[in-house]
Chemist: 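Take this structure first; my questions come after.
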Amino acid sequence: GNILGPIIYFVVWNAIRLGFMWYTQEFGYKAGSKITEDLSGGLLQDITKGASILGMFILGSLVNRWVAISFTPVVSEVPLDKGAYIEWDKLPAGAEGIKVA
């Protein structure tokens, strides 16, 4: 409820902001055109490579969400001879069915 709160916040925030702006402006002025040489070298290529890897990672994670593939895998289409498999629905119930199987 004190009026000094917003005033102090405004003054401190602007002091930090102006200090940062002054430092970055001085840094850019001193670096000059040499900064373009730095960016055209390995740094820019590393940033581009990192951005490409991040993009592929995000695309790979989104594929699972947006793509739906439904298919029934076929293990074998070879017809079996009679007696090569157990017809479970035709077995008698109980212990007799186990003996027949």
Chemist: CD1/I8 to CD1/I3 distance, rounded to the nearest 0.5 angstrom?
Modeler: 11.0 Å
Chemist: For residues 64-73, dump all side-chain donor-acceptor pairs below 3.5 Å to protein atoms at least two apart in sequence or in another chain.
Modeler:
none

Chemist: Around D81, counting heavy atoms of other residues, nucleotides and ligands shown, do more than 12 lie under 6.0 Å from its CG?
Modeler: no
Chemist: Please determine whether residues L62 and L54 belong to a single hydrophobic cluster, defined as Ile, Leu, Val, Met, Phe, Trp and Tyr linked transitively by side-chain heavy-atom distances below 4.5 Å.
Modeler: yes
Chemist: To the nearest 0.5 Å, tell me how far N2 CG sits from I7 CD1.
Modeler: 8.5 Å
Chemist: Tell me every residue that passes side-chain hydrogen bond (donor to acceptor under 3.5 Å, both in side chains) with Q25, counting only those two or more places apart in sequence or in another chain.
Modeler: none
Chemist: Roughly how far, to the nearest 0.5 Å, is CE of M21 from CG of N14?
Modeler: 9.5 Å
Chemist: Do Y23 and Y29 sit in the same hydrophobic cluster, where Ile, Leu, Val, Met, Phe, Trp and Tyr count as joined when their side-chain heavy atoms come under 4.5 Å apart?
Modeler: no
Chemist: Would you say I86 and V100 are hydrophobically clustered, going by side-chain heavy atoms of ILVMFWY under 4.5 Å?
Modeler: yes
Chemist: What is the minimum heavy-atom distance between G97 and L91, and which atoms define it?
Modeler: O-CD1, 3.9 Å
Chemist: So does L4 have more than 12 non-hydrogen atoms from other groups sitting under 6.0 Å from CG?
Modeler: yes
